[in-house]
Protein chains: 4
Amino acid sequence: MPKQPDPARRSERSRQAILDAARELVSEVGFAKLSIEAIAARAGVGKQTIYRWWRSKGAVVFDAFLALSEGGEGMALPDTGDIEADLRLVMRATVAEFADPAFEAPIRALNMEIINDPDLAAQYREKLAGPVDEAKKARLRSAQRAGQIAADADLDLALELLYAPLYQRWLLRTGPLTPEYADALVDLTLKALRPPV
Amino acid sequence: MPKQPDPARRSERSRQAILDAARELVSEVGFAKLSIEAIAARAGVGKQTIYRWWRSKGAVVFDAFLALSEGGEGMALPDTGDIEADLRLVMRATVAEFADPAFEAPIRALNMEIINDPDLAAQYREKLAGPVDEAKKARLRSAQRAGQIAADADLDLALELLYAPLYQRWLLRTGPLTPEYADALVDLTLKALRPPV
Amino acid sequence: MPKQPDPARRSERSRQAILDAARELVSEVGFAKLSIEAIAARAGVGKQTIYRWWRSKGAVVFDAFLALSEGGEGMALPDTGDIEADLRLVMRATVAEFADPAFEAPIRALNMEIINDPDLAAQYREKLAGPVDEAKKARLRSAQRAGQIAADADLDLALELLYAPLYQRWLLRTGPLTPEYADALVDLTLKALRPPV
Amino acid sequence: MPKQPDPARRSERSRQAILDAARELVSEVGFAKLSIEAIAARAGVGKQTIYRWWRSKGAVVFDAFLALSEGGEGMALPDTGDIEADLRLVMRATVAEFADPAFEAPIRALNMEIINDPDLAAQYREKLAGPVDEAKKARLRSAQRAGQIAADADLDLALELLYAPLYQRWLLRTGPLTPEYADALVDLTLKALRPPV
DNA sequence: AGATAATCGAGACGGTACGTCCGGTCTTTGT
DNA sequence: ACAAAGACCGGACGTACCGTCTCGATTATCT
């Protein structure tokens, strides 16, 4: 029986130091050149302490950014009654976030991990993307009730229509991320979801 | 002066052996576990010969698949006059291609490279995606002329609306890729692009 | 701070395996064709473990033979009272040792290292040559007390006179090493050192 | 039949450039770190041109210094009638030569080659050491005729007695090379060779 | 309070792969 | 026809990290 480590005895000080070091190093050298040895050295921690609590380099980095973003549980999107205005606001904010060069390296690192590791992807969906998507769908449902969106629209698909183009542009660097682009996406998506006349 | 190798003296036999070995190994062990040493050994080639002509492991893999797909220059999409039917056909084919487990590993490897290396991304766009996108846009323009799509529609954006959701689903494994999904995407996109009444 | 390895944690098992492998390989392929990779492979050891504890290939080989020869500390030459007979005995033994083809390769390897690396040379003098030379000089001093050798003779020089010709012949292969040669050297040297009448 | 190169077609310009480059590089980086690639590059010559005419790196270096020292054929040592004074002069000159730091690297390189390659050693003896030794022995023979040295002395051994200690000290760096040391060697050797009373 | 036990920092270990250098051979190009 | 240039295969270099494995030296609970 491969003895499991006892979470009760875990050193919080070490955990924090490791996550901090991971965040710093991802920003400094990028995810590909990040090594567990470097994290351990920077954190002043034995390598075993990392291997004891995380499965892989990716899991550490993932946790590092998960810890940052935690607390989006009960989030809600603005609901002024005007779905187009509300979505523009949200999409423009998203575009701005992605365009911020300070987040470039870490977000890209996080995405590489999610893309390559289905387990992490599941965890990501559950802990981070899930709640946020729920909030977004809640707003769309509200618009459905208001008759601004077709009652039978597939809201998951609707979210993909809104966000996937943005995500793809950022990931593949195929074009600029501007407020106008955000507006155009909202515009097209709402046209696609408009209830039948 | 770091002295560039002379392309005229390049050994075509070695080039082919390397690209073949790279393709085989990506399929066998995946991109992450692929090593230049292994490629050189499989190809019966000195490591230096790889380093002489490629900047990185990614560049080799990229070239390996680029070589495979070359020749899609003069491609054209079907044009029956019915844009919806034509797009469904194409999108269903794309969905099927992505869902094919045999292509999973290499396409994913290629994508990781493109995502991480802007230079390769540019090369990819120019050599592979560009011509294909042009063909797709040609078909959409034909639909514009036929009045099936708004005359002022941004065709690049239209392509993103069609393909980005599919790409995202596949990349992040957030949902199944089915013919119905392809149809739904075509449906929504055409609604978004429909000319004003 | 280049961080020194901690000798307390050193693996004795690995150390022995490395020295054994080095000895074997020097005999098999000679010093020039000896590689650290081969030593590591033969010893079942990581290359780093060699680089951690030795500065160079030469240092390993040197240690390998140092370890063999250790324990000549309290050695003493025969002292029958007849310096000529005693020296002939010792010199004939030395000649025989050098002429032994089994020792050719390793001794030559050791010598090349000493010739090329002043640090190793110092270590060699301190650990191996020094004690032996002391024993030889002790015997010569005894002969001085007995009036067989000039009281003011420079004993270091005397040792050179005895051994350097032998060493040179062996090193440069300029002539055969025979018992008669040993005798002749003893004869000449004693003539050179004879006390004034 | 492995076609032999035709010496008649040999490029004298290339030969000189290679030997010059070899000499320079031995002085700059030492023999161990000297590479044929570097010689070829420095000489502005293809590697093949070196491999065509020399067996090994050592052979090139050897030739380089052979070419320098050539012309000692008809040399003769001074003969004032006083063997001790003449030998002191010669030995002091030899000591000075060995002590010159400018010759350290190349002479050492040459010696390593001779020690390791019996073929080169034979060539060295024939072309360089032989004539010089003959001259030295001629002077000793003259001393024999003058009754300063035993008539039955083995002159080869005598040369070894004179030069081997000096050579050993220099090679193994076991002591300083001073004029006094030269004198002491001459003194002892002559004592050893003195004719019987 | 002392004993017990797991985690901790540290870092040596057997390995794999890196990217570079060079050895010696083979091929192309220019003169 | 040669020789310069240099690409080629191969092997070793010395380094960086991998993930595992001891080591004492702290903790941190449980007698």
Side-chain angles (χ1 to χ4, degrees), chain A residues 3-11 13-15 17 33-41 43-53 55-57, chain B residues 3-11 13-15 17 33-41 43-53 55-57, chain C residues 3-11 13-15 17 33-41 43-53 55-57, chain D residues 5-6 8-11 13-14 17 33-41 43-53 55-57:
Chain A
K3 185 167 42 176
Q4 296 303 317
D6 175 357
R9 290 181 177 278
R10 181 167 191 179
S11 158
R13 157 194 292 273
S14 294
R15 200 186 133 268
K33 295 200 169 178
L34 177 64
S35 73
I36 289 201
E37 297 230 340
I39 297 175
V45 139
K47 280 200 289 176
Q48 199 59 248
T49 303
I50 298 183
Y51 284 109
R52 193 166 10 244
W53 302 108
R55 287 191 306 106
S56 68
K57 175 176 78 162
Chain B
K3 190 154 55 177
Q4 299 303 320
D6 175 356
R9 293 180 179 277
R10 182 166 192 178
S11 157
R13 156 193 291 274
S14 294
R15 200 185 132 267
K33 295 199 170 181
L34 176 64
S35 72
I36 290 200
E37 297 230 338
I39 297 175
V45 138
K47 279 200 288 178
Q48 200 64 230
T49 301
I50 299 184
Y51 285 109
R52 198 174 357 252
W53 302 110
R55 289 191 305 103
S56 67
K57 177 176 74 163
Chain C
K3 188 152 56 175
Q4 299 302 319
D6 177 356
R9 293 183 178 279
R10 181 165 190 180
S11 158
R13 156 192 293 273
S14 294
R15 199 185 132 268
K33 295 199 170 180
L34 175 65
S35 73
I36 289 200
E37 296 229 340
I39 297 175
V45 137
K47 279 199 288 178
Q48 200 63 238
T49 301
I50 299 184
Y51 285 109
R52 191 163 16 240
W53 302 109
R55 289 191 302 107
S56 67
K57 178 176 74 161
Chain D
D6 175 357
R9 294 185 174 281
R10 182 165 188 181
S11 156
R13 157 194 292 273
S14 293
K33 295 200 169 178
L34 176 65
S35 72
I36 289 202
E37 297 230 341
I39 297 175
V45 140
K47 281 202 285 178
Q48 199 56 247
T49 303
I50 298 184
Y51 284 109
R52 195 167 5 246
W53 301 107
R55 287 192 305 104
S56 68
K57 175 176 77 163

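This one's a predicted model, so the numbers in the text were calculated from it and none came from an experiment. In what follows, chains are A, B, ... by sequence order, proteins preceding strands, each numbered from 1.
- Nearest-nucleotide mapping onto DNA chain F: of A:Ser35 and D:Gly46, the residue sitting toward the 5' end is D:Gly46.
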Check nucleotides 27-31 of chain E against the protein and report each pair of N or O atoms closer than 3.5 Å, with its distance, or say if there are none.
unit_1	atom_1	unit_2	atom_2	d
E:dT28	O2	B:Arg9	NH1	3.0
E:dT28	O2	B:Arg9	NH2	3.1

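- Rounded to a whole Å, the OH atom of D:Tyr51 is 17 Å from the C1' atom of F:dA3.
- Between the CD1 atom in D:Ile39 and the CD1 atom in D:Ile50 there is a gap of 5.5 Å [rounded to 0.5 Å].
- OP1 or OP2 of F:dA4 sits under 4.0 Å from a side-chain N or O of D:Thr49.
- The distance between atom CZ of C:Arg10 and atom C1' of F:dC21, rounded to the nearest whole Å, is 18 Å.
- In this structure, A:Arg13 places its CZ atom 13 Å from P of F:dT26, rounding to the nearest Å.
- Relative to the side chain of D:Ile36, the nucleotides E:dG23, F:dC9, E:dT7 differ in distance, and E:dG23 lies closest.
- A:Arg15 CZ to A:Trp53 CH2: the interatomic distance, rounded to the nearest 0.5 Å, is 11.0 Å.
- Remark: D:Lys47 pairs with D:Glu37 by the side chain to side chain donor-acceptor pair (under 3.5 Å) rule, at least two apart or across chains.
- Listed for the C:Lys57 side chain is no donor-acceptor partner under 3.5 Å among the backbone atoms of C:Ser35.
- C:Ser14 meets the side chain to side chain contact (heavy atoms under 4.5 Å, CB included) test with C:Ser11, C:Val45, C:Thr49; sequence neighbours excluded.
- Of all nucleotides listed (F:dG19, E:dG24, E:dC18), E:dG24 comes nearest to the side chain of D:Glu37.
- Rounded to whole angstrom, the span from the CZ atom of A:Arg52 across to the C1' atom of E:dA6 amounts to 8 Å.
- For C:Lys33 and F:dG10, the NZ to P distance is 18 Å, given to the nearest whole Å.
- OP1 or OP2 of F:dA7 has not a single side-chain nitrogen or oxygen of B:Ser14 nearer than 4.0 Å.
- D:Ile39 has its CD1 atom 8 Å from the P atom of E:dG23, to the nearest Å.
- Of the inter-residue distances, the one linking C:Asp6 atom CG with C:Arg52 atom CZ reads 11.0 Å to the nearest 0.5 angstrom.
- Comparing atom distances between the C:Lys47 side chain and each of E:dG24, F:dG14, E:dG14 picks out F:dG14 as nearest.
- Between the P atom of F:dA3 and the CD1 atom of D:Ile50 lies a distance of 13 Å, rounded to the nearest Å.
- The 5' end of DNA chain E is approached more closely, in terms of each residue's nearest nucleotide, by C:Ala40 than by the other of D:Lys57 and C:Ala40.
- By the 6.0 Å contact criterion, CZ on B:Arg13 is open, its count of non-hydrogen atoms from other residues, nucleotides or ligands being 12 or less.
- Put simply, CH2 on B:Trp53 is 6 Å from P on F:dC8, counting in whole angstrom units.
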